[in-house]
Protein chains: 2
Amino acid sequence: MSHMEYGRLMAVDPDHVLRSAAALLTHKATATMDEVAKAAGISRATLHRHFAGRDALVRALESLGIAECEAALDAARLDEGTASEAVRRLVGAIEPAVGLLGFLYTENQLFEGEEQNAGWTLIDDRISALFRRGQLSGEFRIDLTPAWLTEALYGLLASAAWMVQSGKGAPKDFHYMIVELLLGGALRREES
Amino acid sequence: MSHMEYGRLMAVDPDHVLRSAAALLTHKATATMDEVAKAAGISRATLHRHFAGRDALVRALESLGIAECEAALDAARLDEGTASEAVRRLVGAIEPAVGLLGFLYTENQLFEGEEQNAGWTLIDDRISALFRRGQLSGEFRIDLTPAWLTEALYGLLASAAWMVQSGKGAPKDFHYMIVELLLGGALRREES
DNA sequence: TCCATATGAGACATGAATGTCTCATCCTGG
DNA sequence: CCAGGATGAGACATTCATGTCTCATATGGA
C-alpha cells in the first residue's frame with residue numbers, strides 16, 4: 001500500500017518518492033532537491049541514489065504523468081456510449097492528475113532541444129479520436145478540429161485546476177464547469 | 001518610433017529592451033540575463049543599469065503585460081454592442097499579447113509569498129463584468145459563473161497560442177477557434 | 001574644443017543548487 | 001550472531017547565474 005509510514009532506515013519506495021515530489025512541485029515548481037527529499041521523508045543522498053539528478057526526477061515524473069493519463073483514458077472507456085458521455089467520464093477520471101499535469105506543462109525543460117516524449121502523442125491521439133468519433137456520429141460540430149478540441153480540453157482542465165487551487169472555485173464544481181463549457185459553450189440556448 | 005536600429009553607444013530605449021526580453025522569454029523562459037541583453041542588442045552591464053536584476057526585469061514585464069491587457073480591454077470597448085460581439089473584439093485585441101501573457105503565467109515567481117499585482121485583479125474584474133453583462137442581457141447562460149468564464153477564456157487563449165506556436169494550428173484560425181468554442185461549445189446544434 | 005554622460009567589455013566576488021564522496025548507523029536475512 | 005546492504009548526515013568541490021566593480025571609449029551638448 002502507498003500510505004504506510006516511512007520511518008528511518010526503511011527501504012525506500014520509489015513510487016512514494018515520486019508522488020511526494022509531484023505533490024510538492026505541483027504548488028512550488030522551483031523546489032530544490034533538498035526540499036523534495038524532505039517532503040518524501042528521505043535524505044538528499046538517498047534521493048540522489050534513486051534519481052540521478054533533478055533532470056532524471058523530472059523525467060520520471062513525466063513518465064508518471066503519462067501513465068496516469070493513460071490509466072484515466074482506460075478507465076473512461078472512450079469507445080463506449082456517446083462521445084459526450086465519454087468526455088464526461090474522461091474529465092472525471094483525469095481530475096486527480098491535473099496537478100501533476102500542470103507542473104509538467106510548465107516544465108519547459110522537457111521541451112528544450114529534444115523531441116517530446118512519444119507518450120504524449122499517444123494520449124493526444126486517443127483524445128483526438130474521441131472527438132473525431134463524436135463528429136462522425138453527428139454529436140460534435142465539424143468546424144472545430146479534433147486537435148483543437150483536445151488542446152481546449154487541456155486548457156480548461158488547467159484553468160479549472162487553477163481556480164480550485166487558488167480558492168476561487170469549489171472542487172465539487174470542477175467537473176461541471178469543464179464539461180458544460182467544453183460541450184455547451186457560454187451562449188444561452190432556448191432549448192436543446 | 002520603436003523600430004529604429006540601436007547601434008553601439010546609442011541611448012537605450014527601455015521599452016525596446018522590454019519588448020525584446022518579452023519576445024525572447026516567451027519561447028525560452030529560462031534565458032539568462034546575458035541572453036536577454038544580447039537579444040536587446042545591449043551589454044549585460046547596461047541591462048543591469050536599467051533593470052536592477054532579473055527580478056526587476058520580470059516585474060517590469062509584468063507591468064508591460066498588464067498595460068497591454070488594459071489597452072486591449074480599452075480597444076475592445078466591452079460596453080458596446082452585445083456581449084458576444086464584445087468577446088469577439090476582446091479576443092482579437094488581446095491576441096498580440098498572448099505570448100507575453102503565457103510567459104508571465106508560468107513565472108510562478110510572481111505569486112510566491114507576496115500578494116499578486118493588483119492590476120491583474122482589475123483586469124479580471126473587467127472581463128468578469130463583461131460576462132455578467134451577457135448573463136443579465138440573457139445572452140449567456142447563468143449556471144457558469146463569470147469568474148469561471150473568465151478563467152476559461154484565459155485557458156483557451158493559452159491553448160490556442162500553444163497550438164499556433166507549435167505549428168499544430170494556423171494563426172488565422174486563432175480567433176475563430178477560441179470564440180466559437182467559448183461561446184458555442186463543442187456540441188452540434190440543429191439551428192440557432 | 002572640452003567635459004559630462006552613457007555604454008561596452010571584462011574581471012571579480014557571491015550565493016545557490018547540484019553532484020560526489022565518506023563514514024557511522026541501523027535494518028534484514030542467513 | 002554476523003555479514004551485507006541501505007540509509008542519514010554531512011563535508012566538499014563544481015558549476016552557473018547573478019550582482020558589482022573598474023576602465024576605456026564614443027557620443028552629444030556647452
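Order of the sequence lines fixes the chain letters, A, B, ..., with proteins taken first and strands second; residue numbering starts at 1 for each chain.
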Which residues pass the side-chain contact (heavy atoms from CB on, under 4.5 Å) test with Asp173(A), sequence neighbours left out? Ala170(A), Met177(A)

The contact string for nucleotides 17-22 of chain C, one letter per nucleotide 5' to 3', using protein heavy atoms under 4.0 Å with B, S and - for base, sugar-phosphate only and none, comes out as SBBB-B

What integer distance in Å separates Phe51(B):CZ from dT7(C):P? 12 Å

Who pairs with Asp74(A) by side chain to side chain donor-acceptor pair (under 3.5 Å), at least two apart in sequence or on another chain? Arg126(A)

Apart from Trp162(B) itself, residues in the same hydrophobic cluster as defined by side-chain heavy atoms under 4.5 Å: Tyr105(A)

Heavy-atom nearest pair, Glu151(B) first then Ser159(A), reads O-OG, 2.9 Å

Enumerate the residue pairs fulfilling ring pair (Phe, Tyr, Trp, His ring centres under 6.0 Å) with a member in residues 125-155 of chain B, sequence neighbours excluded, ordered by first and then second residue. Phe131(B)-Phe140(B)

Ile42(A) atom CD1 is separated from dT7(D) atom P, nearest whole Å, by 8 Å

Thr46(B) side chain near dT7(C) phosphate (N/O to OP1/OP2, under 4.0 Å): no

In whole Å, what is the span from the CG atom of Leu47(A) to the P atom of dA9(D)? 14 Å

Besides Leu122(B), the hydrophobic cluster formed by Ile, Leu, Val, Met, Phe, Trp and Tyr side chains linked at under 4.5 Å, directly or via other members, contains none

According to a strict under-4.0 Å criterion, is His50(B) in side-chain N/O contact with OP1 or OP2 of dA6(C)? no

